[in-house]
Amino acid sequence: MSRGKKQAALAIDIGGTKILAALVSPQGDIISQEYCLTLAHEAVEAVINRLLTTASNTLDKANMEISQLEGLGIAMAGALDTKRGIVTASPNLPGWHNIPLKDIMTEKLGIEVYLINDANAAALAENLLGAGRGAHNMIYITVSTGIGGGIITNDRLYSGVNGCAGEIGHMTIDVNGPKCNCGNSGCLELLASGTAVAKEAITRVRRGESSQLSELVAGRLEDIDARIVGIAADRGDPLACDIIAKAANYLGVGMVNLVNIFNPERIIVGGGMSHLGDMLLEPARRVVRERAFQLAAQSVSIVPSQLGDNAGVIGAAMFVFQSAGPHT
Ligand SMILES: [Zn+2]
């Protein structure tokens, strides 16, 4: 039986603080969107009810019905069994362990539901509509509170056996490095994320190194975050510049591994830390030139992302259209 072409996919991006739902056209345009707070400390059921309410508001806003949808794509951080649609664990949702989210949402909404890692979704969105357009082989890295990623090979998202490929933040950079929540130690995320930058800055200011940082937070050192370190570095503060350069260097080392293994034509850097622009990217590019295989290093361009905060929902929707297959 032939199916008519559906007008939109529903996408929900579940973050640590907010839930973003959007209706997205097959071309990647956002038709309508709605936000609500995640309130992740509440019970799983309460959060799921908020997903349903936000989804329903998004439909109402666009005057559309469930039957007009190709499906629902849910993007979130963490260890997801995307093949079975199970949230194994998520850093943003502390109480969620082995939650069969795909089955729950399918039962509630009566449409196909697809689960996708949020950084994988952003990779897909950047590839189809953002800084990765035209690249057949590319890697997306989000450098934010943590570090995540997505790998596109031969125009397809590479998902691995369970759908959890692309955990770039948990590649080992320093075998003797600090212990990570994932159980490993010396992960890239512990050395180059926004959290790592803030932690290093607080430690070094407390140790007495001179810097504008304490002034910028009016002495409340616990308020130092990566954005503040970026501001100080922009003003030429030597300590802030050194901390960013160190993180960028580690990020570059992570990229060297990716370049040597995948030989991508583009690496796209998104997430909060990417607002630092060349302050972050230039040292990383230099490390890639110095350390990666020459031919592969010459062929890769390292660029900032283009889609910003909507990349998760756009990518989750595009994942629905791709997974649903071609229409007949
Ligand atoms: Zn780790």
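Each ligand, and each atom within it, is numbered from 1 in the order the structure gives.
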A.B. asks: Pairing donors with acceptors under 3.5 angstrom, does anything connect the side chains of N154 and H136?
C.D. replies: no
A.B. asks: Report yes if some heavy atom in the side chain of V253 is under 4.5 Å from a heavy atom in the side chain of V287; otherwise report no.
C.D. replies: yes
A.B. asks: So if I apply the side chain to side chain contact (heavy atoms under 4.5 Å, CB included) rule between V303 and each of I268, L281, V269, which one comes out positive?
C.D. replies: I268
A.B. asks: Cut-off 3.5 Å, side chains only: do T88 and N98 have a donor facing an acceptor?
C.D. replies: no
A.B. asks: Nearest 0.5 Å, what's the CD1-CG distance between I86 and L101?
C.D. replies: 10.5 Å
A.B. asks: Report the C-alpha distance between N117 and T82 in whole Å, list the side-chain angles of each, state the deciding distance to 0.1 Å, and finish with yes or no for side chain to side chain donor-acceptor pair (under 3.5 Å).
C.D. replies: CA-CA 8 Å; N117 172 277; T82 61; over 6 Å; no
A.B. asks: Could you please tell me which protein N, O or S atoms lie under 2.8 Å from the Zn ion (ligand 1)?
C.D. replies: H170 ND1, C180 SG, C182 SG, C187 SG
